[in-house]
S.K.: 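The following block contains the structure, expressed as structure tokens.
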Amino acid sequence: MTPSRSLHAEVSAIALCGAGCVLATGIGVDALWGAACAGRSGIRPLQSKHFRSTRIAAFGHVSADDHARCLESVPRHLQRYCTPSVIWGVSAVQQSLHEAGLDPSGSGLRFGLYTSQGGYTHPSLDAYAELLQECSAAGKLNIRRLAARILQESALDPFLVLKSLSNGLLGIVSLCYKLEAQCGAYMQGVAGNQAALREACSALRERRIDVAIVVAAGSEMDALALTDLVRAGAISCEGAMAFTPYDSKGRGGIGGEGAAALILRRQDDLEIGHAVCLTEIKAHTDFDALPFADTHVDLLISHGAGIPGIDKELCAVLARTGATHISNSQALTGILSGSPSLVDLIFAREALRVQQVPAIAGLKRAVMPALPFACHTKPASLRHALILNRDSNGFSAGYRLERRCIQTESRVA
């Protein structure tokens with residue numbers, strides 16, 4: 001894609017009917033929204049069994065207790081094939097199907113599955129560290145034992161290749177729910193999320209499917225991955241303990257992990273009532289080219305850098321949207337490689353559903369005070385929301401949501 005090329009899609013009447021997530025804020029949309037309303041970030045000190053860092057001091061961890069709960073969503077015979085993030089993705093799908101009131105096995109509907117998988121694009125250092133520890137005693141490495149484990153017993157994470165594939169999440173979700181459906185697997189980040197959502201909406205519009213499951217998951221809890229984020233300037237290496245985008249005292253980004261899932265359906269197939277609909281998708285290699293200037297924006301959810309100079313440049317773009325309120329979810333979760341856009345869509349959807357503007361956790365001194373950054377969660381009249389996402393590689397995506405009143409009867413039994 002050349003820098004001047006953009007991707008634009010009208011998404012006619014696609015409703016967000018169910019959502020689920022596993023993040024640093026906890027399991028479920030209620031946990032995410034509760035943290036947003038309380039201004040309570042899920043970011044905490046970096047914890048790893050196999051490496052430590054004084055420069056990268058914090059991370060948006062999924063807790064060990066939440067991970068243990070998510071394991072219950074995956075049949076035991078499939079757990080050995082899963083990375084932690086894949087397990088969180090299965091849990092997020094389970095939550096979203098429950099909210100939507102759907103069971104793929106008995107609904108008679110045609111399902112599509114679209115995934116975006118982050119992390120594990122290289123062998124995990126944890127796999128090597130665990131094997132070396134297993135083959136050591138009294139501070140000495142037993143070379144004979146190590147060779148036997150690797151060469152004879154295939155002990156060095158025998159499913160490492162499977163785990164690193166971008167369709168690992170798709171495969172496990174398919175097996176868990178016995179899905180035989182149209183599908184697509186995409187890589188991580190804003191681009192991967194955008195591709196999965198675009199294909200899901202296309203399949204729904206063309207009536208190839210009746211229900212789309214879109215799920216994204218990933219983790220950067222790996223020494224090499226965190227190092228890459230530092231080199232890209234995406235996360236702080238100054239010992240920052242909080243991520244405060246758009247704050248004049250911001251000290252950089254902080255990494256995070258987790259999963260998010262959405263259930264999409266055609267508006268025509270829903271019962272009478274209110275629904276939040278995805279009406280437009282844009283993508284571009286230039287963030288400045290993204291803003292939607294043709295329609296009023298009640299709520300803008302946008303990514304920030306946590307670096308005052310960069311955030312000031314971003315503010316010049318955000319100002320052109322004319323948004324009434326501006327908020328951010330990254331301060332709660334950290335920067336997500338696997339599900340950045342899906343989490344923001346869930347965040348904005350919840351705001352439109354409950355008619356509240358979520359505060360930006362930790363924001364005290366905005367780099368551009370004239371902009372309507374949300375410092376406190378408060379009620380508001382919200383109909384249109386805009387989500388703007390940007391990867392550290394420059395690829396950007398934008399989504400428009402609208403709260404609609406559905407007047408027609410459902411045409412699906």
S.K.: May I have the step-by-step check of side-chain contact (heavy atoms from CB on, under 4.5 Å) for F347 and S327, ending in yes or no?
M.R.: CA-CA 10 Å; F347 197 65; S327 191; 3.9 Å; yes
S.K.: Determine, step by step, whether L226 and F59 satisfy the side-chain contact (heavy atoms from CB on, under 4.5 Å) criterion, reporting the C-alpha distance in whole Å, the side-chain angles of both residues, the deciding distance to 0.1 Å, and the verdict.
M.R.: CA-CA 10 Å; L226 291 174; F59 191 79; 4.0 Å; yes
S.K.: Please report the closest heavy-atom contact between S302 and Q330, naming both atoms and the distance.
M.R.: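 So the minimum-distance heavy-atom pair works out to O-OE1, 4.5 Å.
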S.K.: Could you please spell out the steps behind the salt bridge (Lys or Arg N to Asp or Glu O under 4.0 Å) verdict for R353 and E99?
M.R.: CA-CA 14 Å; R353 277 161 50 97; E99 183 191 333; 3.7 Å; yes
S.K.: Do you know which two heavy atoms are closest between A283 and R198, and how far apart they sit?
M.R.: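 That closest heavy-atom pairing would be CB-NH2, 4.0 Å.
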S.K.: For R231, does the CZ atom have more than 12 heavy-atom neighbours from other residues, nucleotides or ligands under 6.0 Å away?
M.R.: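 No.
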S.K.: Any donor-acceptor pair under 3.5 Å linking the side-chain atoms of S73 with those of Q94?
M.R.: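 Side chains of Q94 and S73: pair found under 3.5 Å.
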S.K.: Tell me whether T115 contacts the main-chain N or O of L169 through its side chain, where contact means a donor paired with an acceptor under 3.5 Å.
M.R.: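 Judged by distance alone, no pair lies under 3.5 Å.
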S.K.: Is a side-chain donor or acceptor of D247 paired with a backbone partner of K364 at a separation under 3.5 angstrom?
M.R.: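 Yes; at least one donor-acceptor contact below 3.5 Å.
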S.K.: With side chain to side chain contact (heavy atoms under 4.5 Å, CB included) as the test, pick out the partner of V357 among L382, I326, D298.
M.R.: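 The passing option is L382.
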S.K.: Strictly below 4.0 Å, N to O, side chains only: are E206 and R110 in salt-bridge contact?
M.R.: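 A salt bridge is absent here (no side-chain N lies under 4.0 Å from a carboxylate O).
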S.K.: State plainly whether the residues R207 and D268 are in salt-bridge range, i.e. N to O under 4.0 Å.
M.R.: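 Answer for the salt bridge query: yes.
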S.K.: Quick one: are R400 and L278 in side-chain contact, heavy atoms under 4.5 Å?
M.R.: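 A side-chain contact is absent here, since even the closest heavy-atom pair is not under 4.5 Å.
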S.K.: Could you report the tightest heavy-atom contact between L388 and G398, atom names first, then the distance?
M.R.: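 Looking at all heavy atoms of both residues, the closest pair is CD2-CA, 4.1 Å.
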S.K.: Would you call Q188 and N193 a side-chain contact if the rule is heavy atoms closer than 4.5 Å?
M.R.: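 They are not in side-chain contact.
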S.K.: If we only count heavy atoms from C-beta on, is the R208 to S202 side-chain gap below 4.5 Å?
M.R.: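 SC-SC contact between R208 and S202 confirmed.
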S.K.: If I take atom SG from residue C82 and atom CG from residue L71, how far apart are they, to the nearest 0.5 angstrom?
M.R.: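 Going from SG on C82 over to CG on L71, the span is 8.5 Å.
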S.K.: Atom CZ of R404 and atom CZ of R383: how far apart are they, to the nearest 0.5 Å?
M.R.: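 So the CZ of R404 and the CZ of R383 are separated by 8.0 Å.
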S.K.: Does anything in residues 55-65 form a side chain to side chain donor-acceptor pair (under 3.5 Å)? List the pairs, not counting sequence neighbours.
M.R.: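 Side chain to side chain donor-acceptor pair (under 3.5 Å) check on residues 55-65 returns S63-D66.
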S.K.: Using the side chain to side chain donor-acceptor pair (under 3.5 Å) criterion, which residues pair with T324? Sequence neighbours excluded.
M.R.: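 Here the qualifying residues are H296.
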S.K.: On a heavy-atom basis, which atom in S236 and which in I56 lie closest, and how many Å separate them?
M.R.: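 Closest pair (atom of S236, atom of I56, distance): O-CG1, 4.0 Å.
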S.K.: For the residue pair I301 and N389, establish whether any side-chain heavy-atom pair is separated by less than 4.5 Å.
M.R.: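 Answer no - side chains too far apart.
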S.K.: For the residue pair Q356 and K378, establish whether any side-chain heavy-atom pair is separated by less than 4.5 Å.
M.R.: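 Not touching, per the 4.5 Å side-chain cut-off.
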S.K.: Closest heavy-atom contact between A212 and L204?
M.R.: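 Closest approach of A212 to L204, heavy atoms only: CB-CD1, 3.9 Å.
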S.K.: Working to the nearest 0.5 angstrom, can you tell me the gap between S105 OG and L179 CG?
M.R.: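 Taking OG in S105 and CG in L179, the distance rounds to 9.5 Å.
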S.K.: Is there a side-chain contact between Y177 and V93, using heavy atoms and a 4.5 Å cut-off?
M.R.: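 Yes, their side chains come closer than 4.5 Å.
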S.K.: Is the shortest heavy-atom distance from the side chain of E257 to the side chain of T333 under 4.5 Å?
M.R.: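 SC-SC contact between E257 and T333 ruled out.
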S.K.: Walk me through whether D210 and R266 qualify under salt bridge (Lys or Arg N to Asp or Glu O under 4.0 Å).
M.R.: CA-CA 7 Å; D210 302 310; R266 290 181 293 270; 3.0 Å; yes
S.K.: For H303 and D391, test the side chains for any donor-to-acceptor distance below 3.5 angstrom and give the result as yes or no.
M.R.: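 Note: H303 and D391 side chains miss the donor-acceptor criterion.
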S.K.: State, with a plain yes or no, whether a side-chain heavy atom of C176 is found less than 4.5 Å away from one of P75.
M.R.: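 Touching, per the 4.5 Å side-chain cut-off.
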S.K.: Please evaluate residues F51 and M221 with respect to the criterion side-chain contact (heavy atoms from CB on, under 4.5 Å), reporting the C-alpha separation (whole Å), side-chain torsions for both, the decisive distance (0.1 Å), and the verdict.
M.R.: CA-CA 10 Å; F51 67 90; M221 182 37 59; 3.7 Å; yes
S.K.: Identify the two heavy atoms, one from T25 and one from A35, that lie closest to each other, and give their separation to 0.1 Å.
M.R.: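 Scanning both residues, the minimum pair turns out to be CG2-CB, 3.6 Å.
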S.K.: Ignoring hydrogens and angles, state whether a donor on the side chain of E220 or S337 is under 3.5 Å from an acceptor on the partner side chain.
M.R.: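 Yes, side-chain donor-acceptor contact under 3.5 Å.
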